[in-house]
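The next block holds one structure in the form of structure tokens; read it before the comments.
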Amino acid sequence: MSQKTFSIGTLLAALGMLAAPMLIFLSAPVEREMGFVQKIFYFHVPCAWLMFLFTFVCAAGSLAFLVKSSRRGDQVAAAAGELVVLFGLLVLLTGPLWARKAWGRWWVWDVRLTSSLMLWMIFVAYLLARQYGGPAARRLAAGLAVFGAAEVPLIYVSVNIWRTIHPKTEVVRTLDPGMRPAFWTSFAAITMLGLLLFALRLALERARSDVEDLYLATED
Amino acid sequence: MDPRRDTVPAAVTFLRDAGLVFRKDLLVEARGKEVLAPMLFFSVIVVFVFSFGFAGDGAAGADLVSGMLWVGLLLASTIGIGRTFEREREGETFRALLLTPASRAAVFVGKLMSILVFIALAEAVVVPLLVVLFGAPLFEHPFRLLALLALGTVGLCAIGALLGATLMRTRGRDVMLAIALYPLVVPVVLAGSRGTAALLDHDLAGADLWLRFLLAFDAVFVVLGLWIFEPLVSEA
């Protein structure tokens with residue numbers, strides 16, 4: 001990403017971040033049942049979307065690294081893996097805040113909650129392997145990312161079977177038209193933020209591997 | 001190299017190579033018992049530790065017994081998988097294995113089969129132990145229990161063999177195996193323990209649902225394993 005694109009992106013994200021809270025708190029109607037707590041939804045859903053987006057980015061990068069020994073793929077995967085954990089953490093923190101009000105408990109073993117938690121743990125393991133396993137653990141980490149992405153539907157199905165045997169709280173809501181501008185502004189701003197973080201992190205990872213190459217070159 | 005190698009069909013070569021890797025592992029194990037001795041003893045200890053921790057007075061419900069069975073198996077198989085690959089690393093024999101003309105996928109299948117046999121032996125210890133200690137009616141639906149154990153173990157071993165092979169040159173191997181393996185096999189443990197609990201409650205339809213799920217899980221990871229084992233273990 002060029003400097004100019006990055007600056008424009010930053011500007012857009014900043015404007016979105018300013019506009020979104022105003023729309024969310026001033027113009028969007030207060031939800032009848034949930035009241036004020038429903039506002040979490042505007043942050044929670046975009047974070048969850050980014051978590052899943054970066055899961056597949058990380059898996060694709062890891063696959064390129066494994067199959068073609070692509071260094072670029074490894075760098076992309078490293079940057080995306082960290083963002084999965086970051087946005088996953090935001091999802092897992094905002095979720096219980098809402099659940100406390102909706103279901104009366106902080107944590108419910110619901111399909112989406114459990115699946116997100118399992119996926120998040122796989123990517124925490126990914127970061128741990130990269131961080132503490134030495135250079136050879138990159139293949140292990142890449143394998144984890146690929147298996148993790150392959151498991152997303154399986155985890156979902158398994159928890160779904162588990163939870164349909166038992167009674168389950170269904171919370172299905174359709175979005176009120178008045179909430180749409182606030183939601184999509186927030187969605188766009190947070191997505192932009194995620195992409196900018198990704199670009200920054202990727203640039204850092206590339207600079208780091210360039211430095212490694214230079215070290216190796218001077219040692220020869 | 002076998003001169004007939006070019007004339008026999010590829011599938012036959014593949015199965016024979018996988019069989020040779022499998023036979024080699026069993027032979028080494030029969031001589032040293034490096035994997036089985038610690039793993040079987042460990043699986044007994046785990047069951048006892050669970051009994052002391054969860055079921056003080058000796059009574060245990062379906063949920064508890066099935067949980068002890070599957071968590072115990074997971075812990076024991078971590079030891080089994082770790083030891084299997086640690087032995088290859090100590091003898092530096094894994095590289096030699098990869099240098100043979102056998103395809104990497106055949107090496108994967110051979111390894112998968114030998115780990116499968118080791119864990120099956122651990123199951124043969126843990127299941128009767130749970131029956132004896134808690135009077136759990138595990139043998140009332142023997143075929144379904146066998147199917148659950150077999151399919152669950154295949155899934156566990158497929159992921160274990162894939163991860164174990166990448167651990168060879170990794171720092172902190174033992175911890176890394178557990179950290180990487182446990183989150184990935186959560187669906188297997190969930191399906192296995194829920195399925196076993198359903199069997200103990202005589203809910204055969206519920207158990208069959210989990211059996212089908214395990215079948216799908218195994219299919220995904222065995223196919224993924226055949227395909228990705230080669231890049232995972234390459235030296236690049």
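When heavy atoms are compared at a cutoff of 4.5 Å, B:L224 approaches chain A solely by way of its side chain, counted from C-beta outward. With a 4.5 angstrom heavy-atom cutoff, B:A191 does not touch chain A via any of its atoms. Using a 4.5 Å cut-off between heavy atoms, B:L184 touches chain A through backbone and side chain atoms alike. The parts of B:L232 that come within reach of chain A are both its backbone and its side chain, each placing non-hydrogen atoms under 4.5 angstrom from that chain. For a residue to count as touching a neighbouring chain, one of its non-hydrogen atoms must lie under 4.5 Å from one of that chain's; by this rule B:Y182 does not touch chain A. Looking at B:I179, the atoms closer than 4.5 Å to chain A (heavy atoms on both sides) sit in the backbone and in the side chain alike. In this structure, the portions of B:F217 lying under 4.5 Å from any heavy atom of chain A include both its backbone and its side chain. Only the side chain of B:I159 comes within contact range of chain A, with heavy atoms under 4.5 Å apart. When heavy atoms are compared at a cutoff of 4.5 Å, A:L119 does not approach chain B at all.
No donor-acceptor pair under 3.5 Å is formed between the side chain of B:R194 and the backbone N or O of B:S66. Not one N or O on the side chain of B:S77 forms a donor-acceptor pair closer than 3.5 Å with the backbone of B:G80. Side-chain atoms of B:T93 do not come within 3.5 Å of backbone N or O of B:R89 as any donor-acceptor pair. Between the side chain of B:D218 and the backbone N or O of B:G155, at least one donor-acceptor pair lies under 3.5 Å.
When each of A:A150, A:A141, A:A129, A:A142 is checked for heavy-atom pairs under 4.5 Å with chain B, A:A129 comes out on top.
Between B:F221 and A:F147, the distance separating the two ring centers is shorter than 6.0 angstrom. For A:F41 and A:F183, the ring centers are positioned less than 6.0 Å apart.
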